[in-house]
Amino acid sequence: DQQVKQNSPSLSVQEGRISILNCDYTNSMFDYFLWYKKYPAEGPTFLISISSIKDKNEDGRFTVFLNKSAKHLSLHIVPSQPGDSAVYFCAAGGPAYNTDKLIFGTGTRLQVFP
Amino acid sequence: GAVVSQHPSRVICKSGTSVKIECRSLDFQATTMFWYRQFPKQSLMLMATSNEGSKATYEQGVEKDKFLINHASLTLSTLTVTSAHPEDSSFYICSATGTGGPRDGYTFGSGTRLTVV
């Protein structure tokens with residue numbers, strides 16, 4: 001049972017344009033969400049997070065949007081840069097009173113071309 | 001920022017032998033450490049959660065006698081793959097959280113590529 005899903009395995013975007021990565025979840029008890037960036041043979045690097053009490057969080061070129069009613073979140077990268085090319089994982093955690101382990105999506109490979 | 005050091009980065013071992021992977025938090029006390037496994041082109045699958053000084057909690061389907069986890073101190077957790085077989089070949093990653101829990105930071109190690117021949 002995949003509680004966190006990233007239905008697009010890959011995405012190709014031209015440099016300077018917006019990259020939009022999507023993530024859906026099924027467990028309504030999740031109360032915080034994170035995005036990680038991963039290069040091959042390396043551990044994930046934290047990008048940005050959002051609590052379920054918010055619907056948007058912005059950090060530089062990265063913005064995460066959360067739609068709780070749709071159980072959907074997205075990561076926007078603008079403008080996209082070639083160095084953004086990597087695999088992006090969304091992850092969900094909570095509820096805090098039960099567990100703090102993260103459940104990861106299957107990842108989306110982003111390629112930003114010049 | 002918080003740093004988690006994971007060693008070795010790559011290891012090749014013969015079938016039937018055991019391999020130990022270390023995960024150290026360098027500048028914070030890791031009250032909880034998580035061990036993940038990643039198959040090619042797949043997600044990070046949580047194997048177990050360990051809290052310092054107590055037994056690890058394993059996810060369903062993970063053999064605790066095969067994947068021994070020790071979290072003896074606030075800065076070190078180890079994963080030992082016992083009697084390794086080729087199907088254990090994978091990318092293993094640890095992560096750690098401090099006293100504030102994951103919402104204060106969830107730092108990953110750089111991963112270990114295990115190849116069993």
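In what follows, chains carry the letters A, B, and so on, assigned in the order in which the sequence lines appear, proteins first and then strands, with residues in each chain numbered from 1.
Taken together through direct or relayed side-chain contacts under 4.5 Å among Ile, Leu, Val, Met, Phe, Trp and Tyr, B/Phe34 and B/Leu79 form parts of separate hydrophobic clusters. Both B/Val19 and B/Tyr92 are members of a single hydrophobic cluster when ILVMFWY side chains are connected at heavy-atom separations under 4.5 Å. Cluster annotation: A/Phe89 is not connected to A/Ile20 through the hydrophobic network of ILVMFWY side chains, with a link wherever side-chain heavy atoms come within less than 4.5 Å.
The salt bridge (charged side-chain N to carboxylate O under 4.0 Å, His left out) test applied to B/Arg24 returns B/Glu22, not counting sequence neighbours.
With chain B as the partner, the residue from A/Pro44, A/Pro40, A/Gly107, A/Gly43 showing the most heavy-atom pairs under 4.5 Å is A/Pro44. When each of B/Gln6, B/Gln38, B/Arg10 is checked for heavy-atom pairs under 4.5 Å with chain A, B/Gln38 comes out on top.
Atom OG of B/Ser110 sits about 15.0 Å away from atom OH of A/Tyr39, to the nearest 0.5 Å. Interatomic distance, B/Glu59 CD to A/Ile103 CD1, rounded to the nearest 0.5 Å: 6.5 Å. The distance from atom CG of B/Leu46 to atom CG of A/Leu102, rounded to the nearest 0.5 Å, is 8.5 Å.
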key: Verdict with reasoning, B/Ile93 to A/Lys38, per side-chain contact (heavy atoms from CB on, under 4.5 Å)   = CA-CA 12 Å; B/Ile93 309 173; A/Lys38 186 181 182 300; 4.0 Å; yes

key: Worked check of ring pair (Phe, Tyr, Trp, His ring centres under 6.0 Å) between B/Phe108 and A/Phe46   = CA-CA 8 Å; B/Phe108 283 85; A/Phe46 170 77; 9.9 Å; no

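One N or O on the side chain of B/Ser43 and one on the backbone of A/Phe104 form a donor-acceptor pair closer than 3.5 Å.
Remark: B/Lys55 NZ is loosely packed, at most 12 non-hydrogen atoms of other residues, nucleotides or ligands lying under 6.0 Å away. Annotation: B/Ile12, atom CD1; neighbour count of heavy atoms from other residues, nucleotides and ligands within 6.0 Å does not exceed 12.
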